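Structure, as structure tokens:
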Amino acid sequence: MNSYWIRRFAGALAVLLLIITANFFLFRVMPGDAVSTIVDPRFSPEAKEKMRHLFGLDLPLHQQFFIYVRRMLSFDFGISFLSQRPVWDEIKSRIPNTLALLGTSLLLSSAIGTWLGVKAARKRGGFLEKAVIFSGSISFSFPSFFVQLVLLLLLAYTFPVFPLRGTVSIPMPSGTLPRVIDYIHHLILPAGSLVLLGFGSWAIYVRNLMVKTLGEDFILLARARGLSEDRIIWNHAFRSTLPPILTIFLLALPGIVSGAVITETVFSLHGVGKFLLDSILGHDYPSAGAAFYILGLLTIASNLAADAACTLADPRIRVGKRAER
Amino acid sequence: MPRWSFAAFFIIVAAAIAGPSLLQTDPFESVARPFAPPVWTGGEEGPALAVSLSPSKTLFEKKWNWSPPENISIRGTLSFEEDPSASLVWTGPGGERFVLAVSGDTREWLIDIDARDVSFKASLGVPPFGNATSVLFRNHENIRVEIEGTTPSAGKIEIRTPGGKWGLMGTDQRGRDVLSLFTEGIRISLIVGLAATLISSALGLLVGLSSGYLGGKIDSFIMRGVDVLLSIPVLPILMVIVGIWGKGLWQLILILGLFSWMGTARTVRSLALTLRESCYVENLRSIGASPWYILWRHLVPEALPVLLAAVTLGVPGAILAEAGLSFLGLSDPRIISWGRMLHEAHGFGAFTAGAWWLILPPGIGISVICLVFLDMGRALEEIADPRLVKGNRK
Amino acid sequence: MICIRDLSVTYDTNARKVRAVREASIDIHHSAVTAIVGESGGGKSSLIYSILGLLPPEATATGKILFEGSDILSAPEATRRDFRGIKVALVTQGAMNSLTPVISVGEQIAETLRTRLGTRRREAAVKASELLEMVGLGPSFAVRFPHELSGGEKQRVVIALAISCSPVFLLADEPTSALDVITQAEIITLLGGMVRETGMGLLLVTHDLPLASSVSDSISVMHQGKIVESGPAEKIMTSPLHPHTRDLVFAANLATGRGFQ
């Protein structure tokens, strides 16, 4: 089993390296003056020369690359063009918000979707099953930002139940509990919209996998032993379906990160995704590179986490080592 | 197979091609006040008028079912072939006639009337601080404007009222007609969707066939690469590349095409793997046919039905990606796409104005086109692989 | 004793109706091995599932199945569920996917004991190990997962699961078909031994006539859903009456090298 994990970590490192390399080359190799992506173009020529030397831009390319890798791994992202402050200072307050958004929406949509999918598989041909299949097959076509805009229109403008924008109210309420409530109040619409958009495909996947599993022989034998239907559905069928469900989860993760970028833009949330967009539109290359890197790290980390969950759920992977003895 | 999506597809393509020319308005021209709601929404405000009178059309009549507009302006020039004796006559509520203007001595008749002019108000018998339009218009009565007398030979006069409402879908933050913008957007969505998907499918076909047919180390290497590429979030990459490389339409299509070939490659590869083992390919190999010949003359035609289905199913992805990038503001502002419309709705105050007619049409348009392509793709899949059709399963 | 009278099972799919079992009647006795022999797809499995009440929704069963004085075919689902595992148990081909892949073998047995018999957790674990020993698997097997076991080992686990609640009757549907010859013999011997020791009644359903004849007390031959001949095993093998039975015996003798009889 250790060799399995070594391979996983090596794979993750490879992707990380790929992201850093892409970052490095993208901002230097793209058309346009490579210098201006590192150095603020508003500086005087002498200052630019100085910056060049400071940033090591007069060094050979492979040396620059190693320096870049080292900086990335130590979260040293340089100075933002727009705010003249260290990029890390700008970005570190945003990471928790993005995590909160991603975490809650992921948890809720997978939980709701799984529950609905299991129920739909249990009662074949029922209304729930048809509703699940229908919503799952069309949820792909609706652009996420459109649904979110409509929700904003309905629930923040027509019926002002939720705030129109922002992570917190300005000015912030005083006291810990009101602040927490305010934060949650602002999170409900963004996270809720992601859940609404996501639970359909979850439900369909889970339903399809469960239907397939319920046709297997071991379910028949479990019934023949007289086990209760609940026990069969959850302890036997669902637990056996968990590994493929988690695999699909793995495949969906990059899409979820992309969804976060759009959601943060629609609702003007103080997160890494919106920071990426603002830096790109403002030609603030150090910030853009940093934001892209952080998002990549998030993807890799969640990938590994899902992988770990997969291993835990599937004894066929976990128990490989015992058979080797 | 008569499925609704094929019919819908033809309607959409027809609308894309013919639409802009059928609608008279230029999508870039502002025709009414910003954020004017559509005409058919209820309320007291009347629609904006934008009517012209010309030699071929000397009369305009309308039943006015709303309260009088804030203002009316009539401007233009008419030329005559002989010394004119013409007047611009307005017939208002109760059949009252008002002579708004009379032609002069010259053969060029310049008309410049604005209902806020004090002198104009005086000519109608309205005090300086009164409202001229309330004399000319009344709720649920006809209005009528006509060039009486000598018929002009050339020229045009424009009658404009800044109405509350406009058209079938209202106006955006610049006063542009949303229906025209919407119709323009169909073209862009189709172009981007099809072009990007064609590129990605061509790439996917190439990679998939090579990988599946050649097999071995090349295959696993390529598939590893595909897996790695699939585990990177796509939108941030697209954002960064567009941000650096530029926002043009063709750049967008190229970038989208370059980042979505992986799915097709996988499908084609599994097809190639099965075909590789099939008897007739074995036979071809045994008589000495070269790999390229086999690929080109046999495998590609076999792959075409599956490929067609994959292409059709890939178009929604490209359309949604373009819409997403446009919504974020990373597209050419001079090109009207539905995503761009939503970007402007979001960023330029559609919410504070409550302009739902700016938000719903583009979004619904995107969704409908995606649904159409999805359904067509599934239909094509069933044709390509009959085992998928529900009734046929053993 | 289980008495099946005029059992008919019809499958109603979209395309057509299929009569899998036609007015079959058979008795299954305690302390004896009753075999039903017939070609694949001949309705043998449908008969077994009728007894247990596990037919798929598109199947309808008519007739009578008498057990302990009442007709269980027409009993409500709750009653039928009470029978399963406790009175009547099922064994199918273990080499396929007959065991839940994500739960350890010992835990699957213990779970059955806890939920069906109300056994305490620790007791159930001990009993599970005992059951595994009974079917010839050592104590180390309790923590193993199905994918770690061979076909024969999996089949033994399936049997252990089936007898865990000491059922009165055991229904075995092709229990040895996917196994190699030696393991087949071992499994059949195991089952036969159980019948003699515990007084359990065994219904053995198979397409393998020599196998059935080696262990059964009576054999019924099923052909196209009908029971065409029944009788003591010895008699069926030496003097078959029905043409289909004759064909089967002929083929069996060829296979076992007993020559043309």
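Below, each value reflects all heavy atoms present in this structure, side chains not excepted, and no hydrogens, waters or symmetry copies. Letters A, B, ... mirror the listed sequences (proteins, then strands); counts begin at 1. As the structure is a prediction and not an experimental result, all values here were calculated from the model.
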Exercise for review: For the pair Phe67(C) and Phe169(C), name the ring-plane relationship: parallel under 30°, tilted 30 to 60°, perpendicular over 60°.
Suggested key: perpendicular
Review point. Tell me, which pairs form a salt bridge (Lys or Arg N to Asp or Glu O under 4.0 Å) where one or both residues lie in residues 125-134 of chain A, sequence neighbours left out?
Key: Arg124(A)-Glu129(A), Glu129(A)-Arg207(A)
Revision key, fill the gap. If one checks every heavy atom of Leu220(A) against chain C at 4.5 Å, the contacting part turns out to be both
Point to revise | Interchain contact, Thr100(C) with chain A, by part (heavy-atom threshold 4.5 Å) | key: both
**Study point:** Contact class of Arg81(C) relative to chain A, heavy atoms under 4.5 angstrom
**Key:** both
Check your understanding: Would one find more than 12 heavy atoms of other residues, nucleotides or ligands at under 6.0 Å from atom NZ of Lys127(C)?
Key -> yes
Exercise for review: Check whether Phe83(C) gets within reach of chain A through its side chain, its backbone, both or neither, counting any heavy atom under 4.5 Å.
Suggested key: neither
Review point. Based on non-hydrogen pairs under 4.5 Å, which of Ser164(C), Pro101(C), Pro57(C) is most in contact with chain A?
Key: Pro101(C)
Revision key, fill the gap. One option among Arg231(A), Arg223(A), Glu216(A) has the most heavy-atom pairs under 4.5 Å with chain C, and it is Arg231(A)
**Study point:** Interface moiety of Thr213(A) toward chain C, non-hydrogen atoms closer than 4.5 Å
**Key:** neither
**Study point:** Salt bridge flag under 4.0 Å for residues Lys87(C) and Glu68(C)
**Key:** yes
Exercise for review: Check whether any side-chain heavy atom of Leu242(A) lies under 4.5 Å from a side-chain heavy atom of Asp314(A), and answer yes or no.
Suggested key: no
Check your understanding: Looking at Leu52(C), Leu171(C), Thr112(C), which one has more heavy-atom pairs under 4.5 Å with chain A than the rest?
Key -> Thr112(C)
Practice item. Using the six-membered ring wherever Trp is involved, compare the ring planes of Trp234(A) and Phe238(A) and label them parallel, tilted or perpendicular (cut-offs 30° and 60°). Key: perpendicular
